[in-house]
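Counting begins at 1 with the first residue of the sequence.
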Amino acid sequence: MITDVDLTGRLLLLFLYCSVSVARKDSCDTCRRLVDRFHKGLEDTAKKNFGGGNTAWEEKTLSKYETSEIRLVEIIENLCDSSDFECNHMVEEHEEQIEKWWFKMKKKYPDLLKWFCIKTILVCCPSGTYGPDCLACLGGSERPCHGNGFCNGNGTRSGDGSCHCKAEYAGPFCLECADGYYSFERSDTHSVCTACHLACKTCNGPSNEDCKECKDGWVKEDGKCVDTDECIKGESLCKASQYCLNTEGSFICSACDISCDGCTGEGPEYCVNCTTGYVLQDEKCTDVNECVESEKVCLRENEHCLNTPGSYQCSCVEGFEDKDGNCVEVIQTAP
């Protein structure tokens with residue numbers, strides 16, 4: 001029986017493990033940034049104190065500066081941004097090792113990342129390895145996850161070496177094909193997975209005849225997955241002001257024409273009924289021009305009618321303006 005004390009202890013150990021793993025990964029990231037900035041510093045100071053001439057004095061001066069403590073100090077001063085606490089702390093803690101590499105180890109070990117981050121302060125691992133002991137990732141250090149995924153902790157002293165597969169792949173070694181993909185090429189150490197046909201949820205080949213299981217919106221007919229036309233099922237899938245349009249594997253609801261009161265398709269010829277202001281004419285809903293009706297709709301004097309889609313507007317004629325509900329002549333004031 002697990003007691004509350006045991007459970008608390010286990011949770012604490014798990015928390016500490018996760019915290020250590022994150023710290024190790026962050027330390028490696030910091031070290032890589034530091035090395036990148038060091039190389040940038042080398043570039044920025046490469047031609048310093050060299051005027052561009054070709055005198056023996058300049059050549060001699062440059063040669064001394066290249067390996068000088070002055071150059072090293074200039075590079076170190078620009079390794080970290082002032083706000084980068086982790087970087088500044090790492091430089092402060094390991095400045096002696098950086099100096100050792102610069103003055104004694106650089107010729108023998110020109111790769112600063114490998115010597116400093118991996119071999120000396122032990123915060124990173126070589127690519128393809130992970131964890132405190134830099135063990136090979138699943139699938140091997142040369143091709144972690146067989147090239148089909150990403151190794152957890154790759155290149156750091158953290159992680160467990162497990163594979164996070166790309167979308168096409170599955171399984172602990174990323175050699176299996178995920179749903180929606182089939183095996184195009186396969187060996188013990190190599191796998192290529194290719195997308196199934198749009199209709200297939202799972203498959204063993206490229207066509208809709210190779211589906212093992214159809215996706216939603218598709219159905220098996222005559223040995224292959226074909227699109228289901230949801231719009232002819234007779235169900236009310238869309239709002240009254242919309243019509244159903246079938247798409248591959250699904251459907252969409254689109255707005256009826258402005259002239260329709262309900263519709264079965266796009267345009268005024270597919271109206272179920274005409275909305276107010278429209279009338280069925282030549283088998284489609286057509287705008288009623290209220291302004292030419294025998295019964296006048298704009299009744300005020302000096303007013304005219306303007307037809308609009310499905311309606312009309314009454315407004316005062318030119319030279320008149322609406323005032324207190326009447327069209328009153330505009331009085332021009334003398335300049």
Side-chain angles (χ1 to χ4, degrees), residues 179-180 195-203 205-333:
D179 283 355
C196 296
H197 186 274
L198 179 65
C200 306
K201 183 176 182 180
T202 56
C203 70
S207 77
N208 62 339
E209 295 180 350
D210 298 312
C211 298
K212 293 192 286 185
E213 185 180 358
C214 299
K215 281 184 183 176
D216 291 342
W218 305 78
V219 65
K220 209 69 170 282
E221 284 184 10
D222 299 326
K224 58 186 177 183
C225 289
V226 296
D227 174 49
T228 300
D229 189 346
E230 295 87 353
C231 297
I232 63 173
K233 287 183 175 181
E235 301 175 14
S236 181
L237 301 173
C238 301
K239 297 176 181 178
S241 60
Q242 298 174 323
Y243 66 94
C244 181
L245 180 64
N246 189 53
T247 61
E248 286 192 311
S250 188
F251 67 94
I252 57 175
C253 293
S254 294
C256 294
D257 189 82
I258 191 174
S259 64
C260 299
D261 181 10
C263 67
T264 58
E266 182 181 9
E269 62 270 26
Y270 290 100
C271 296
V272 174
N273 294 297
C274 297
T275 193
T276 303
Y278 291 84
V279 65
L280 189 63
Q281 185 177 319
D282 298 328
E283 298 185 350
K284 64 180 180 181
C285 288
T286 305
D287 175 49
V288 173
N289 188 349
E290 294 86 354
C291 297
V292 298
E293 295 288 301
S294 57
E295 186 175 339
K296 289 183 64 175
V297 290
C298 296
L299 304 176
R300 298 181 301 177
E301 289 186 19
N302 302 311
E303 181 179 53
H304 66 174
C305 178
L306 175 65
N307 189 53
T308 62
S311 188
Y312 63 94
Q313 291 179 351
C314 296
S315 60
C316 297
V317 299
E318 188 175 355
F320 289 78
E321 61 181 351
D322 194 316
K323 186 173 290 186
D324 298 329
N326 296 306
C327 289
V328 179
E329 186 176 3
V330 177
I331 305 300
Q332 299 292 339
T333 58

**Report entry** Stepwise disulfide bond (SG atoms under 2.5 Å apart) test for Cys238 and Cys253
**Finding:** CA-CA 6 Å; Cys238 301; Cys253 293; 2.0 Å; yes

Report task. Step by step, work out the side chain to side chain contact (heavy atoms under 4.5 Å, CB included) result for Leu245 and Glu266. Result -> CA-CA 9 Å; Leu245 180 64; Glu266 182 181 9; over 6 Å; no

Report task. Just do the side chain to side chain contact (heavy atoms under 4.5 Å, CB included) check on Val279 and Cys274 with the steps written out, would you? Result -> CA-CA 6 Å; Val279 65; Cys274 297; 5.7 Å; no

Requested in this report: Answer yes or no: is there a side-chain heavy-atom contact under 4.5 Å between Lys215 and Leu198?
Outcome: yes

Query raised in the report: Is it the case that more than 12 heavy atoms not belonging to Lys220 sit under 6.0 Å from its NZ atom?
Result: yes

Report task. Before giving the answer on disulfide bond (SG atoms under 2.5 Å apart), spell out for Cys263 and Cys256 the whole-Å C-alpha distance, their side-chain angles and the decisive distance to 0.1 Å. Result -> CA-CA 6 Å; Cys263 67; Cys256 294; 2.0 Å; yes

Report task. Please report the C-alpha distance between Cys298 and Cys291 in whole Å, then the side-chain angles of each, then the deciding distance to 0.1 Å, and finally whether the disulfide bond (SG atoms under 2.5 Å apart) criterion is met. Result -> CA-CA 8 Å; Cys298 296; Cys291 297; 5.9 Å; no

Query raised in the report: Phe320 and Cys327: which non-hydrogen atoms are nearest, and at how many Å?
Result: CD2-O, 3.6 Å

**Report entry** Heavy-atom check, side chain of Gln313 versus side chain of Ser315, under 4.5 Å
**Finding:** no

Requested in this report: Could you grab the distance from atom CG of Asn307 to atom CG of Asn289, nearest 0.5 Å is fine?
Outcome: 4.0 Å

Requested in this report: Measure across Leu237 and Cys244 and return the closest heavy-atom pair with its distance rounded to 0.1 Å.
Outcome: CD1-SG, 4.1 Å

Report task. Any chance you could measure Lys201, atom NZ, to Cys211, atom SG, to the nearest 0.5 Å? Result -> 12.5 Å

Query raised in the report: side-chain contact (heavy atoms from CB on, under 4.5 Å) with Asn302: which of Asn326, Val317, Val328?
Result: Val317

Query raised in the report: Roughly how far apart are Asn246 CG and Ile252 CD1, rounded to 0.5 Å?
Result: 9.5 Å

Query raised in the report: Where do Gly249 and Trp218 come nearest, in terms of heavy atoms and distance?
Result: CA-NE1, 3.3 Å

Report summary line: Distance col, row Asp179:CG vs Glu213:CD, nearest 0.5 angstrom, shows 7.5 Å

**Report entry** Donor-acceptor contact below 3.5 Å, side chain Asp287 vs main chain Tyr278
**Finding:** no

Requested in this report: Look only at the side chain of Asp257 and the backbone of Ser259, and say whether a donor-acceptor pair between them is shorter than 3.5 Å.
Outcome: yes

Report task. Count the heavy atoms belonging to other residues, nucleotides or ligands that lie under 6.0 Å from CD of Glu321, then report whether that count exceeds 12. Result -> yes

Query raised in the report: Taking all atoms of both residues into account, what is the closest heavy-atom pair of Asp227 and Gly217, and its distance?
Result: OD1-O, 3.3 Å

Query raised in the report: So, do Cys316 and Arg300 sit near enough that their side-chain heavy atoms are less than 4.5 Å apart?
Result: yes

**Report entry** Test item: Gln242 and Ser254 side chains (from C-beta on) under 4.5 Å apart, heavy atoms
**Finding:** no

Query raised in the report: Does a sphere of radius 6.0 Å around OH in Tyr270 hold more than 12 heavy atoms from other residues, nucleotides or ligands, not counting ones at 6.0 Å or beyond?
Result: no

**Report entry** Lys224 NZ to Cys200 SG distance, which is reported to the nearest 0.5 Å
**Finding:** 12.0 Å

**Report entry** Non-hydrogen side-chain atoms of Ile258 and Thr275 separated by less than 4.5 Å
**Finding:** no

Query raised in the report: What distance separates Thr228 OG1 from Asp216 CG, expressed to the nearest 0.5 Å?
Result: 9.5 Å

Report task. Could you please spell out the steps behind the disulfide bond (SG atoms under 2.5 Å apart) verdict for Cys196 and Cys203? Result -> CA-CA 6 Å; Cys196 296; Cys203 70; 2.0 Å; yes

